[in-house]
Amino acid sequence: MKGRIMKMKKLKKALFYPLFILVLFLLGNTMFAQSAMINLSARKLTSLNGKWNTIIDPNGVGDFHKFWEDRKPEKKTDFVEYSFENGDVLNVPSDFNTQMTELTYYEGIVWYKKTFKYDLKTNKRLFLHFGAVNYLTDVYFNGKLLGTHEGGFTPFQFEITNLISNSENSIVVKVNNKKVKEGIPSEGYDWFNYGGITRDVNLIETPQSFIEDYSIQLKKNSNNEVLGWVKIDGTTISQKIKLSIPELKLNVKVKTNDSGYAPIQFKAKFNLWSPGNPKLYRIEIQSGLDTISDEIGFRNIETNGTKIVLNGKPVFLKAINIHEEMPTRVAKAYSEKDAEVLLNWAKELGCNMVRLAHYPHNEYMVKLAEKKGLMIWEELPVYQHIEFSNEKVQQKMDLMLKEMIKRDKNRSAIIIWSLSNETYHFTKSRDEALIKLVKQCKILDSTRLTTTVISTQGYTNNTFDLSDPLYNYFDIISVNEYIGWYTPWQGLPKDTKWKFVNDTKPVIISEFGGEAFYGSTKQPKDEASGWSEEYQEQIYKDQIEMFDTNPNLAGVCPWILCDFRSQSRLHPIYQRGWNRKGLLSDKGEKKKAWYVMKEFYKSKN
């Protein structure tokens, strides 16, 4: 018996080690996308936007047929059962759902192909950069897998220096926008799941050693001292660095260490960025082989008790929620022109801040908002249904946080990092995951405020009970509440009471409102009066009356700027696949509540 046990142990050991080595091999050969370099507009770019050949693959047969090889018949008996040529063509950037009727509600795999020629000079490097692809992406170059990326709203890249050919080159991209239970966001969310290559695709040419990343922002709690750094990537990473701000006649010289990193610290008398004065300075960073220019503003954002303080002065956040969607075109917003339309509406409403819900928006949106003097709340798509107990999900959250902060850390308009929205209350795994995430956020960027958004935890006897202990770890208490729509008022708005888990922090009402079908008017005893513009208008009037009852209120943010598509909104008359809570209709028409909110914001000047 003892001998048999020993033999079994030896057999298990003999089987275990080969399997263990195989697992390590497979894990080691999983190729993930590289972290994307920042400030693309300052680099040598070649756009790959335009028409891409595509294959729609609802049954997922592309992996079996190896679409990335793009095989062609060599003789009459070669029957290749796919082809990118003579098939469907889609525009990039754009979502695929709005380009073909049969893809309107499609969630699945689409293969994209683009060919190009490029003459890469000696001592240069070349990168393939994607602004965003939704959701799961495999990228092949000249028949070889470059790697994968998960997440629909952050940039990624691959180096192709040693793969580029002087003849024709081929990129094949497998895109799958099917909702993933372990994804971020997870399977259930209240916006349209636009799939495809939704943002710009570029080739980036750099020197052998180049300025890969940098942070140039004011030190926390300072109006005149910059605390930043520069990072070099390449073969010669120990280099002299010169940072200059010509307008201030300022020059700073440092040298990177053996890791390519150099801290930067200096003082200057800045004309500080604010909504009323969106001042940006031209910054130039020079290394031995590379030069980068940027437009950067300098401002200080902090809290002082229950106040949010910008450049030493309290500021009331007059905000609006915005989805990355052009309702008038019924499609994903992706261009600078789209950003211009959406942000002009926000400015017309009287806003000084936009909440980019519920994910990082296009970089055009961020940079243009900064130029227009709009503060920004930027957010991770950690939204309901997230499996916080899943270690892989936590790793994805951490990666998305790093990708978001890396891209936008130099944008002074961003004053708030939001790490989640409407997560389920009082679960240990949620608390532990978000506490870990906010600590990581503060390590990556200590200069901005943090928040997490929680829908109303308790509303009884006309009293809001904001008692979630998670608030203790964030700078701002943010709450979504829809009193007057999902929950009836339990008393007069002016008699509302508040209870806080921490009454020393500022509060933002990050969502409120109700639905109204544009042009629908309220009639006496009309059962449909709840969908009317007048009903929505009254919700806003009641909410504004209630605002005065919150002693910690530092800002409000209506839900939402425009009606937007949502497949879970199914009323056959008033919704028909649209969330109708917009202050503007899907055609940009102003509802009555728009004017109520505009007047309120005017009164807060």
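All of these numbers come straight from a predicted model, not from anything done at the bench. The analysis underlying the following values was restricted to heavy atoms, covering all of them including side chains, and did not include hydrogens, waters or symmetry mates.
- When side chains are defined from C-beta on, P93 does not count as touching I197, because their heavy atoms never get closer than 4.5 Å.
- S478 and T451 share a donor-acceptor pair across their side chains, judged by distance under 3.5 Å alone.
- The minimum heavy-atom distance linking L368 with A339 is given by the pair CD2-C, 3.9 Å.
- The aromatic rings of W485 and Y535 stand perpendicular to each other, their planes meeting at an angle above 60°, with 30° marking the opposite boundary.
- Classified by interplanar angle (parallel below 30°, tilted 30° to 60°, perpendicular above 60°), the ring pair H358/W191 is tilted.
- For the ring pair (Phe, Tyr, Trp, His ring centres under 6.0 Å) with H323, the qualifying choice from F192, W559, F153, Y194 is W559, the only one to do so.
- For D445 (side chain) and K409 (main-chain N/O), no donor-acceptor pair under 3.5 Å exists by modelled atom type.
- Partner N193 forms a side-chain hydrogen bond (donor to acceptor under 3.5 Å, both in side chains) with one of E107, Q567, K178, R565 and no other, that one being E107.
- The shortest side-chain heavy-atom distance between E370 and M375 does not fall under the 4.5 Å cut-off.
- For the residue pair F564 and E325, the shortest heavy atom distance occurs at CA-OE2, 3.2 Å.
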Full working for side-chain hydrogen bond (donor to acceptor under 3.5 Å, both in side chains) between D586 and W578: CA-CA 9 Å; D586 56 303; W578 289 79; 5.3 Å; no

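- With salt bridges taken as basic N to acidic carboxylate O contacts below 4.0 Å, none links E387 and R430.
- Between the D95 side chain and the G195 main chain, no donor and acceptor come within less than 3.5 Å of each other.
- At least one donor-acceptor pair closer than 3.5 Å links the side chain of S186 to the backbone N or O of K181.
- Panel note: side chain D468, backbone L470; a donor-acceptor pair is recorded below 3.5 Å.
- P381 approaches P360 most closely through the heavy-atom pair CD-CD, 4.1 Å.
- Side chains of T463 and N461: no donor on one and acceptor on the other come within 3.5 Å.
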Would you sort out whether S35 and K406 count as a side-chain hydrogen bond (donor to acceptor under 3.5 Å, both in side chains), showing the intermediate values? CA-CA 9 Å; S35 175; K406 181 175 183 180; 2.9 Å; yes

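- With hydrogens and angles disregarded, a donor-acceptor distance shorter than 3.5 Å links the side chain of N362 to the backbone of Y334.
- Ring pair F298/F270 is parallel by interplanar angle, where below 30° counts as parallel and above 60° as perpendicular.
- Residues T303 and K307 are not in side-chain contact: their nearest non-hydrogen atoms beyond the backbone lie 4.5 Å or more apart.
- When side chains are defined from C-beta on, I308 counts as touching L317, because their heavy atoms get closer than 4.5 Å.
- Within the 4.5 Å cutoff, the side chain of M397 has heavy atoms near those of the F388 side chain.
- Among R569, R580, H571, the single residue meeting the side-chain hydrogen bond (donor to acceptor under 3.5 Å, both in side chains) criterion with E515 is R569.
- Side-chain contact between I509 and M546: present, with at least one pair of heavy atoms (C-beta onward) separated by less than 4.5 Å.
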Quick one, E379 with Y359, criterion side-chain hydrogen bond (donor to acceptor under 3.5 Å, both in side chains). Give me CA distance, side-chain angles, the key distance, then yes/no. CA-CA 5 Å; E379 186 163 297; Y359 38 79; over 6 Å; no

